[in-house]
Amino acid sequence: MLENSAMEKIGKEIRRRRNSLGLTIEQLVDRIERLGGKANQGNLSRIELDKQGCSMETLSYIARALECKVADLYLGAEGFANVSAVTNRLIKKVPIINNIQAGNLERVFDQGQNEFTEWITTEKDCGKNTFALRIKGNSMEDRFKEGDLVIIDPNIKPRPGDFVAAINHEDGATFKKFRPRGINEKGEDVFELVPLNDDYPSIRSDIVPMRIIGTMIEHRNYRR
């Protein structure tokens, strides 16, 4: 059950979307019931006024009846910020983005991207554009396995030894260990991206242009 604190602002977003579709609460109830859900006018009215929480199942039916996704209700309520508090314990939800989206990170968030299909929750204190990436390949074994998830905060400047996500102009995102290498003749910071698997080479930013897009704040590994 989503508690009242979790529904704060989301109720207003539900009402805004309902009004934009020209629906009365009664008509929204009818839509929900035709989709197979359960609802009544009193409950929906209290949800819209942030006076009552609801289950994630109910929220899912509401979103479908409003012709949107559950994520859209959070995104709209937060002004398209993709981090949303979902309980009063400050648990946040962040999107799992793909390699192509990571390569166009500014565009994804600047446009208020609401097409994320996967989400993960975290209790970490993080910036509003925090995202998660799924590890591919074995260049970071044994610590990071293929399929693991890493949560990346673009607002955190990496320190030596931190793990970071970076992009180049061709291959999208890569995930490696950060190692600073001083400043070049142009006054630019030079860094090295180091794999943990010795079978793979390190990448220097003064040889292969790279840009760091965030620092890892959490690692999720799963039993295979």
Side-chain angles (χ1 to χ4, degrees), residues 71 81-86 89-111 113-184 186 188-224:
N82 63 292
V83 177
S84 304
V86 295
R89 291 181 298 140
L90 298 180
I91 297 176
K92 300 179 179 69
K93 59 194 291 289
V94 300
I96 302 171
I97 69 175
N98 60 42
N99 202 44
I100 296 173
Q101 289 173 321
N104 295 279
L105 196 61
E106 290 86 354
R107 181 186 62 79
V108 168
F109 290 119
D110 286 349
Q111 293 184 357
Q113 172 71 17
N114 59 2
E115 294 301 318
F116 303 121
T117 58
E118 293 184 274
W119 298 81
I120 189 171
T121 58
T122 179
E123 295 183 16
K124 296 288 187 180
D125 184 19
C126 57
K128 68 177 183 178
N129 286 342
T130 297
F131 60 93
L133 287 173
R134 185 168 279 111
I135 299 295
K136 292 185 177 181
N138 62 351
S139 67
M140 295 297 284
E141 290 185 348
D142 287 331
R143 182 167 176 178
F144 300 91
K145 306 288 187 181
E146 185 167 32
D148 286 0
L149 287 172
V150 288
I151 299 178
I152 306 293
D153 189 342
N155 293 337
I156 296 179
K157 185 177 181 179
R159 296 173 295 186
D162 281 347
F163 295 97
V164 300
I167 58 173
N168 59 25
H169 298 299
E170 297 178 357
D171 300 325
T174 187
F175 177 74
K176 297 289 186 291
K177 184 177 181 179
F178 173 76
R179 181 182 292 165
R181 281 295 182 238
I183 300 176
N184 63 17
K186 298 179 181 180
E188 301 169 333
D189 290 327
V190 176
F191 59 87
E192 190 173 16
L193 299 178
V194 184
L196 300 184
N197 185 339
D198 292 337
D199 291 337
Y200 291 83
S202 297
I203 305 170
R204 283 183 61 109
S205 63
D206 55 346
I207 298 175
V208 178
M210 301 291 295
R211 182 165 58 89
I212 293 172
I213 58 174
T215 302
M216 185 190 79
I217 60 172
E218 189 173 350
H219 170 210
R220 302 282 180 86
N221 60 335
Y222 302 94
R223 182 176 179 180
R224 301 297 186 269

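Sequence positions, counted from 1, serve as the residue numbers for this chain.
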*Verdict with reasoning, Arg204 to Val190, per side-chain contact (heavy atoms from CB on, under 4.5 Å)*: CA-CA 7 Å; Arg204 283 183 61 109; Val190 176; 3.7 Å; yes
*Identify the heavy atoms of Met140 and Val194 that sit nearest to each other, and give their distance.*
SD-O, 4.0 Å
*If you measure from NZ on Lys124 to OG1 on Thr130, what distance do you get to the nearest 0.5 Å?*
12.0 Å
*Can Lys176 and Thr174 be counted as having a side-chain donor-acceptor contact under 3.5 angstrom?*
yes
*Do Phe175 and Leu133 have side chains that get closer than 4.5 Å, going by heavy atoms?*
no
*Report yes if the side chains of Phe163 and His219 come closer than 4.5 Å at any heavy-atom pair, otherwise no.*
no
*With sequence neighbours left out, what residues match Ser205 under side chain to side chain donor-acceptor pair (under 3.5 Å)?*
none
*Distance from Leu193 atom CG to Lys177 atom NZ, nearest 0.5 Å?*
12.5 Å
*asked:* Could you tell me if the side chain of Cys126 sits less than 4.5 Å from the side chain of Ile151, heavy atoms only?
replied: no
_Quick test of your reading: applying side chain to side chain donor-acceptor pair (under 3.5 Å), list the pairs with at least one residue in residues 150-165, sequence neighbours left out, ordered by first then second residue._
none
*Contact check, side chains of Phe131 and Ile152, non-hydrogen atoms, under 4.5 Å*: yes
_Donor-acceptor pair, side chain of Thr215 and main chain of Ile156, under 3.5 angstrom_ = yes
_Interatomic spacing from CG in Asn138 to CG in Asp199 - rounded to 0.5 Å_ = 7.5 Å
*Is the closest side-chain heavy-atom distance between Asp142 and Leu196 below 4.5 Å?*
no
*Closest approach of Pro209 and Asn168, non-hydrogen atoms and distance?*
O-CB, 3.4 Å
*Donor-acceptor pair, Glu146 side chain versus Lys136 backbone, under 3.5 Å?*
no
*Working to the nearest 0.5 Å, report the span between CG of Asp206 and CD of Glu192.*
9.0 Å
*Of all heavy-atom pairs between Met216 and Phe144, which one has the smallest distance, and what is that distance?*
SD-CE2, 3.7 Å
*Non-neighbouring partners of Glu118 that pass salt bridge (Lys or Arg N to Asp or Glu O under 4.0 Å), sequence neighbours left out*: Arg134
*What distance separates Ile96 CD1 from Arg220 CZ, expressed to the nearest 0.5 Å?*
9.0 Å
